[in-house]
Protein chains: 2
Amino acid sequence: MAATPQANAQPGERISEAEHAVMEVLWEEAPLCAQDVCAKVCAARGWSLPTVKTLLARLVTKQALSTTRDGKRFLYSPAMARSDYVGTESRRLVDRLFGGRAAPLFAQLAQAEALSDTDIAEIEALLKELKS
Amino acid sequence: MAATPQANAQPGERISEAEHAVMEVLWEEAPLCAQDVCAKVCAARGWSLPTVKTLLARLVTKQALSTTRDGKRFLYSPAMARSDYVGTESRRLVDRLFGGRAAPLFAQLAQAEALSDTDIAEIEALLKELKS
DNA sequence: CTCCATCGTTTACACACGTAATCGACTACG
DNA sequence: CGTAGTCGATTACGTGTGTAAACGATGGAG
């Protein structure tokens, strides 16, 4: 049984940007069938239904989604927590660009004026909590 | 002059991860010739010299590097500031994962215990400065 | 002045990704 | 019971990326 190229896929398999858009929809609401996902994601990205189906299939292969049969169709649900994904992605960036240190990232955002007053207030609150 | 596929390349062209490793070396020290870059980057990544040459060439095409002739070889220097790259990449992530808001990213890092005491202290100091 | 080492350039190739059409099966309506 | 619509699966294809060999020019050693 000569494994086809895509046949093997570890759970750690990387989720691409387009795939992420699909995950985002399902993290917001699940389970959904392909059409529902398409309706939501196509509105934002302008993809066609076949495209969304491909992405769903690839995500299932990568074990990022799980499926349940519902009559003739499938219902898709996330098989990984959004916080996990967000966590590893954030960590990736911090490692790659800031040597694993979070402070320089913060400095970067501050300098780029990417921090709103609300952000600053929230971060301040978080800091207070961390120190307690 | 039928433009070859790669012939056109805007300055905004995206820098891939492998290319970024090369940029990193040149941001640390420049200008350098291909061999010097290779010596540094190959130690960390285990690439061969041809590979590094390809990456350098692609980066020149993307206008992320500039070159000066030095006898028979080229000296490569970054044509974009590291802070610019780091800025856009950070922004990208924050936009994609946190709806453009920095506070949730911070919360994420805090929750993942990715914040050292030093980080917290530095961020606190930055906050104080921002509010003044 | 010739030849070799060394550049940068060109070409190569497999795989991931974005995007999509087509196909075969199955369900539901008539 | 047949047929049309719909679903997931299969196949497709161009481009970017990671990785590298082959090639052609050129400058420096002898």
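Quick caveat: nothing in here was measured; it's all calculated off a predicted structure.
- By the 4.5 Å heavy-atom criterion applied to side chains, A:Phe106 and B:Leu105 are not counted as neighbours.
- In the set D:dG8, C:dG8, D:dA21, the nucleotide with an atom closest to the side chain of B:Thr54 is D:dA21.
- Counting only heavy atoms from C-beta outward, the side chains of B:Leu97 and A:His20 approach each other to under 4.5 Å.
- For A:Lys72, counting side-chain heavy atoms from C-beta on, the closest listed nucleotide (C:dG8, C:dT27, D:dT19) is C:dT27.
- Put simply, the side chain of A:Arg58 and the base of D:dT10 share no donor and acceptor less than 3.5 Å apart.
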Next on the checklist: For B:Met23 and B:Tyr85: C-alpha separation, side-chain torsions, deciding distance, then whether side chain to side chain contact (heavy atoms under 4.5 Å, CB included) applies.
Outcome noted: CA-CA 10 Å; B:Met23 289 301 291; B:Tyr85 174 73; over 6 Å; no
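- Contacts between residues 23-53 of chain B and DNA chain C, defined by a heavy-atom separation below 4.0 Å, involve B:Ala34, B:Gln35, B:Lys53, listed by number.
- Distance B:Leu55 CG to D:dA21 P: 14 Å, rounded to the nearest Å.
- How far NZ of A:Lys62 is from CG of A:Leu55: 9.0 Å, rounded to the nearest 0.5 Å.
- OP1 or OP2 of C:dG18 has at least one side-chain nitrogen or oxygen of A:Ser16 nearer than 4.0 Å.
- With rounding to the nearest 0.5 Å, the separation of CZ in A:Arg82 from CD in B:Gln108 is 9.0 Å.
- Side-chain atoms of A:Cys42 and A:Leu49, non-hydrogen and from C-beta on, never get closer than 4.5 Å to each other.
- Put simply, CG on B:Leu56 is 14 Å from C1' on D:dT19, counting in whole angstrom units.
- No donor-acceptor contact under 3.5 Å links the side chain of A:Arg69 to the base of D:dG8.
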